Amino acid sequence: MMKFMLMLLLVLPLGFLNYFWLLQFAWFLMTFLFMLNFSFNYLYMYITYFLGVDLLSYLMVLLSFWICTLMLLASQKIYYTGFWSHMFIVVLTLMMLAFLLAFSSLNLFMFYIFFEISLVPTLMLIIGWGYQPERLQAGIYLLFYTLFASLPMMISIFYYYKLYGTLEFYFLNKEMGELMLYLCMNMVFFVKAPLFFVHLWLPKAHVEAPVSGSMILAGVMLKLGGYGLMRMMVVFLSLGSSINYFFIGLSMIGGVIVSLICIRQSDIKSLIAYSSVAHMGMAVSGILTLNYWGMSGALMMMVAHGLCSSGLFCLANLNYERMMSRSLYLNKGLINLIPSLSLWWFLLVSSNMAAPPSLNLMSEIMLINSVMSYDVLNMLMLMLLSFFSAVYSLYLYAFSQHGKLYTGLYPFALGSIREYLLLLMHWLPLNVLILKGELMCLLV
């Protein structure tokens, strides 16, 4: 793991030399090199100092590498305009480093440290390269929601260390039965995931962030919440089996309410951001059922949602760069202008509503099984969730691609090869991974 850290730092000077293409190539190369070190089960591998990966960590780090590489591909406008492009590379590299260290830390306190550090480059990205004047407010929202919940977690970590003398993930098997400790330890993950009621920072941050900010938020940042919950539920097995039903109910009802909110959005980015809350709510429910299918389904959902949501944000940005607006009332009839992009809208929107052969479908099947086996009453909410998921996805597609064309759009740039490559890099793994779906179910 240390070698990948060093590689990241070694390619950093390429950004200062303004070799965007070479840096892009180096990051892709690192992603494929990391793929060669595949971790097949729950055992920790490649242990160096305080780092190591099991299947869960490996997939999260791989997703981080992939999304960060594609962020560079999506942000060519920063390179062409020369708007602090060197600084952008530095922020991106620091972000990747923070995620690599957070996901591969073997120690709970180290995970907490890098979990918090990852906020700083994200905040810089939103405030430095965001579009709207409200980006400062969005950054503060993001910061304070997370920091407010994370201080109790730090105190809980110290308390756990005082009691049991270890914070290594491998030895986190001493169960705790205090409700207050459960809330203090897990609330930061509920905020990050985000759970309904503590999700308001997410749409705000997405709408104000540049495309790279939205990609990293949807693709990797939300996964820190799911990853932390999966690691910490071991400590609260007996308490969790009696209290998790409350949070599962909240996720289910929240998912339905957020899906209804999606249906009345006029801002494309806002709609995709709210759909993230619904999807991640389902993943959190799967984790909280504390069974094998729930955990595997949640892992699959996190990977699938990371690729799908990030791809949709890229598409929204392609429209924004041409129209200078994200409003669905102006982005209409686009199938007449760019039919090839319309195909990509269809492919990614269909994946978003869990149509086969996307990984979303497999993850939803596993999560539905898991949540229903927990309590059959959840069936009602799951039915509504699946139905409204299709409704808002079709609403997004139909509204943006069909209808009367706004005549001011005729002087128009068609898609470039870079943009199609970017979309292909999101869609291909999302729909090919289902062929090796059993790899995600090795969390034994």
Side-chain angles (χ1 to χ4, degrees), residues 50-51 56-57 60 64 95 98-123 139-202 205 217 220-240 242-244 246-248 250-251 277 280-281 283-285 287-288 290 295 298 302:
F50 64 91
L51 303 176
L56 175 60
S57 307
M60 292 296 105
S64 307
M95 188 181 285
F99 286 127
L100 172 67
L101 291 166
F103 286 126
S104 56
S105 289
L106 295 177
N107 184 289
L108 180 58
F109 187 65
M110 283 296 162
F111 167 68
Y112 172 81
I113 294 287
F114 293 115
F115 178 89
E116 293 303 321
I117 285 174
S118 66
L119 271 177
V120 180
T122 314
L123 187 70
I140 300 296
Y141 252 55
L142 163 73
L143 201 64
F144 273 85
Y145 259 91
T146 311
L147 289 179
F148 180 73
S150 67
L151 186 64
M153 185 194 173
M154 187 173 71
I155 296 161
S156 312
I157 290 171
F158 293 159
Y159 178 65
Y160 190 91
Y161 186 69
K162 181 175 175 287
L163 286 182
Y164 301 115
T166 181
L167 288 174
E168 300 299 313
F169 281 132
Y170 197 76
F171 299 113
L172 284 187
N173 47 16
K174 304 283 193 301
E175 287 195 28
M176 307 195 80
E178 292 95 343
L179 174 60
M180 186 54 76
L181 209 68
Y182 175 94
L183 290 172
C184 287
M185 195 76 95
N186 293 317
M187 192 46 78
V188 67
F189 301 130
F190 288 142
V191 168
K192 201 65 138 188
L195 189 71
F196 185 68
F197 278 137
V198 283
H199 70 286
L200 291 172
W201 62 271
L202 184 73
L217 273 168
V220 188
M221 203 81 168
L222 306 188
K223 312 304 169 274
L224 277 167
Y227 173 84
L229 278 176
M230 287 172 95
R231 289 277 186 238
M232 291 315 301
M233 275 301 132
V234 182
V235 183
F236 300 104
L237 283 176
S238 53
L239 179 68
S242 62
I243 197 178
N244 282 356
F246 173 75
F247 292 103
I248 291 171
L250 189 61
S251 290
V277 181
M280 285 306 291
V284 167
S285 299
I287 295 165
L288 296 180
L290 300 177
M295 291 288 181
M302 289 197 292

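Keep in mind that what you see is a predicted model, and the values were worked out from it rather than measured. Scope of the values below: all heavy atoms of this structure, side chains included, with no hydrogens, waters or symmetry mates.
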Review point. How far apart are the closest heavy atoms of S285 and S251, and which atoms are they?
Key: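 It is OG-CB, 3.1 Å.
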- For L290 and L237, which heavy atoms make the closest approach, and how far apart are they?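 Heavy atoms of L290 and L237 come nearest at CD1-O, 3.8 Å.
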Residues in side chain to side chain donor-acceptor pair (under 3.5 Å) with [X], at least two apart?
X: E175; answer: S238
X: S57; answer: D54, Y227, R231
X: K192; answer: none
X: Y145; answer: none

Tell me, please, which residues at least two apart from [X] pass ring pair (Phe, Tyr, Trp, His ring centres under 6.0 Å).
X: F144; value: none
X: F50; value: none
X: F114; value: none
X: F171; value: none

Any heavy-atom pair between the side chains of [Y] and [X] that's under 4.5 Å?
X: V284; Y: F196; answer: no
X: M185; Y: I157; answer: yes
X: E178; Y: L239; answer: no
X: M153; Y: F189; answer: yes
X: M230; Y: M302; answer: yes
X: V220; Y: M95; answer: no
X: M232; Y: I287; answer: no
X: F103; Y: L56; answer: no

For [X], check side-chain contact (heavy atoms from CB on, under 4.5 Å) against everything at least two apart and list the hits.
X: M187; result: A149, L183, F190
X: L51; result: M1, M2, M5, T48, L101, S104, S105
X: I113; result: F109, I117

I need the [X] [atom1] to [Y] [atom2] distance, nearest 0.5 Å.
X: I243; Y: I248; atom1: CD1; atom2: CD1; value: 11.5 Å
X: F236; Y: L172; atom1: CZ; atom2: CG; value: 10.0 Å
X: L142; Y: L200; atom1: CG; atom2: CG; value: 13.0 Å
X: L100; Y: S118; atom1: CG; atom2: OG; value: 12.5 Å
X: L250; Y: L195; atom1: CG; atom2: CG; value: 4.5 Å
X: E168; Y: L108; atom1: CD; atom2: CG; value: 9.5 Å

F247 atom CZ, neighbour heavy-atom count above 12 within 6.0 Å: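 Yes.
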Working for side-chain contact (heavy atoms from CB on, under 4.5 Å), residues L163 and K174: CA-CA 10 Å; L163 286 182; K174 304 283 193 301; over 6 Å; no
Only one of L202, V277, L217 passes side chain to side chain contact (heavy atoms under 4.5 Å, CB included) with L222, and that residue is L202
Between F115 and F111, how do the two ring planes meet: parallel, tilted or perpendicular, split at 30° and 60°? tilted
Contacts satisfying side chain to side chain donor-acceptor pair (under 3.5 Å) that involve residues 147-164 (not counting sequence neighbours) are E116-S150
side-chain contact (heavy atoms from CB on, under 4.5 Å) assessment of N186 paired with M233 = CA-CA 9 Å; N186 293 317; M233 275 301 132; 3.7 Å; yes
